[in-house]
Amino acid sequence: MNEHPSQNHDLEDDDAPVGTVLGRRAALRLLGLAGGAAAVGGLALAGGAGRPPGPPPSGPGGPGGTPPASGSMGTSAGTSGAQSLPACIVRPAQTQGPYWVDEKLKRRDIRADTRTGKVPQGVPLTLHFDVSRIGLNQCEPRAGVIVDIWHCDALGVYSDANDQGYNTKGQNFLRGYQTTDAQGKCSFTTIFPGWYAGRAVHIHYRLRTLDSAGKVNGDFVSQLFFPEALIATVHAQAPYKQKGTRDTPNATDSIYKNGGNQMMLTTRGDVNTGIVGTFNVGLNVG
């Protein structure tokens, strides 16, 4: 089986939704928890069964998207607010954005451009994913999931893009993928992202599973966000501060409004030692 899928995706506008919404009763039935007492609102996932959301422990993106492939996956983060519910909780799918490029670049440290060796400057960020398979009332580690991440640099610039004010085509800084290990874990070394007009600070991520022929049989896209206080602290440092004041906090970001508060990274560390972010993800595929 090829480890990474061969297809690319078209670049779309900034606000096309991804995913479908299940109501509370349907979600509980799928979990084998019909009649459960947890207070649950609607939950979003891409094309399949999931589990009801509970409040995240604390606060884990931009633009527009292509719908996931058939056989797609739901995601989750945080821990349940009800004792009867498992640790994986379904969270909203969000848009893929115009900056998705399938670089097929397997690496933990995604900072450098592989052609020039140049490393973008910024506050170090280590990002941990913990991926599980959702079963009835439980989450089991899910090995072999392809996790892609991509985001802008400290000044709001994406690699391999031709956008207003810059052309980075052929570069691949701040992009890469890892495959989850037997414990369902993978990690990335990167920098804290900057901002650009009209968007809150975010990181994009994509989860894919492959069949024995290397064909995608599960595909989920969403975004991760950061607490406002942490953003303000980081962006007061060089080189972020030369960009000026952000025009879009989380609260006014159009993508964040689609469940971004459920995609808030749990973080620790500081600008001197580096930031560490953790995100737990539950999939509704085998």
What residues, two or more places apart in sequence or in another chain, satisfy salt bridge (Lys or Arg N to Asp or Glu O under 4.0 Å) together with [X]?
| X | answer |
| --- | --- |
| Lys241 | none |
| Asp113 | none |
| Asp160 | none |
| Asp247 | none |

Heavy-atom distance under 4.5 Å between the side chains of [X] and [Y], does that happen here?
| X | Y | answer |
| --- | --- | --- |
| Leu224 | Tyr205 | yes |
| Arg108 | Thr126 | yes |
| Phe129 | Val281 | yes |
| Arg206 | Val221 | yes |
| Val216 | Leu210 | yes |
| Val234 | Val201 | no |
| His151 | Ile191 | yes |

Requested in this report: Any chance you could lay out the side chain to side chain contact (heavy atoms under 4.5 Å, CB included) test for Thr116 and Gln171, step after step, and finish with the verdict?
Outcome: CA-CA 8 Å; Thr116 65; Gln171 300 179 46; 5.5 Å; no
Of all heavy-atom pairs between [X] and [Y], which one has the smallest distance, and what is that distance?
| X | Y | result |
| --- | --- | --- |
| Cys152 | Gly194 | SG-O, 3.6 Å |
| Trp195 | Thr245 | CZ2-O, 3.2 Å |
| Pro141 | Ala182 | CB-O, 3.7 Å |
| Val145 | Thr209 | CG2-CG2, 4.0 Å |

Taking [Y]'s backbone N and O only, do any of them form a donor-acceptor pair with [X]'s side chain (distance below 3.5 Å, no angle check)?
| X | Y | answer |
| --- | --- | --- |
| Asn250 | Phe226 | yes |
| Thr180 | Cys186 | no |
| Gln178 | Arg107 | yes |
| Arg133 | Ala143 | no |
| Thr190 | Ile110 | no |
| Gln223 | Thr95 | yes |

Query - Donor-acceptor side-chain pairing of Asn172 and Ser159 below 3.5 angstrom - result: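 Note: Asn172 and Ser159 side chains miss the donor-acceptor criterion.
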Between [atom1] of [X] and [atom2] of [Y], what distance do you get to the nearest 0.5 Å?
| X | Y | atom1 | atom2 | value |
| --- | --- | --- | --- | --- |
| Leu230 | Thr267 | CG | OG1 | 5.0 Å |
| Leu174 | Tyr158 | CG | OH | 10.0 Å |
| Gln183 | Ser132 | CD | OG | 11.5 Å |
| Arg175 | Lys104 | CZ | NZ | 12.0 Å |
| Thr189 | Leu125 | OG1 | CG | 9.0 Å |

What residues form a side chain to side chain contact (heavy atoms under 4.5 Å, CB included) with [X], not counting sequence neighbours?
| X | result |
| --- | --- |
| Leu155 | Asp153, Gln242, Lys243 |
| Gln121 | Pro239 |
| Pro249 | Glu228, Arg246, Thr252 |

Requested in this report: Would you list the pairs meeting ring-ring contact (aromatic ring centres under 6.0 Å, His included) in which at least one residue belongs to residues 238-274, sequence neighbours left out?
Outcome: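 Of all non-adjacent pairs touching residues 238-274, those that pass ring-ring contact (aromatic ring centres under 6.0 Å, His included) are Phe225-Tyr256, His235-Tyr240.
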Sequence neighbours excluded, which residues qualify as side-chain hydrogen bond (donor to acceptor under 3.5 Å, both in side chains) partners of [X]?
| X | value |
| --- | --- |
| Ser187 | His128 |
| Lys257 | none |
| Asp163 | Tyr99 |
| Thr273 | Asp270 |

Query raised in the report: Parallel, tilted or perpendicular: which fits the ring planes of Trp150 and His204, with parallel below 30° and perpendicular above 60°?
Result: parallel
Query raised in the report: Is Phe173 reachable from Tyr166 through a run of I, L, V, M, F, W or Y residues, each pair having side-chain heavy atoms under 4.5 Å apart?
Result: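 As far as the 4.5 Å side-chain criterion goes, Phe173 and Tyr166 are connected within one cluster.
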**Report entry** Verify same cluster id: Val276, Phe188 (apolar side-chain graph, 4.5 Å)
**Finding:**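 Each belongs to a different hydrophobic cluster.
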Query raised in the report: Are Asp148 and Arg208 within salt-bridge range, i.e. N to O under 4.0 Å?
Result: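 Answer for the salt bridge query: yes.
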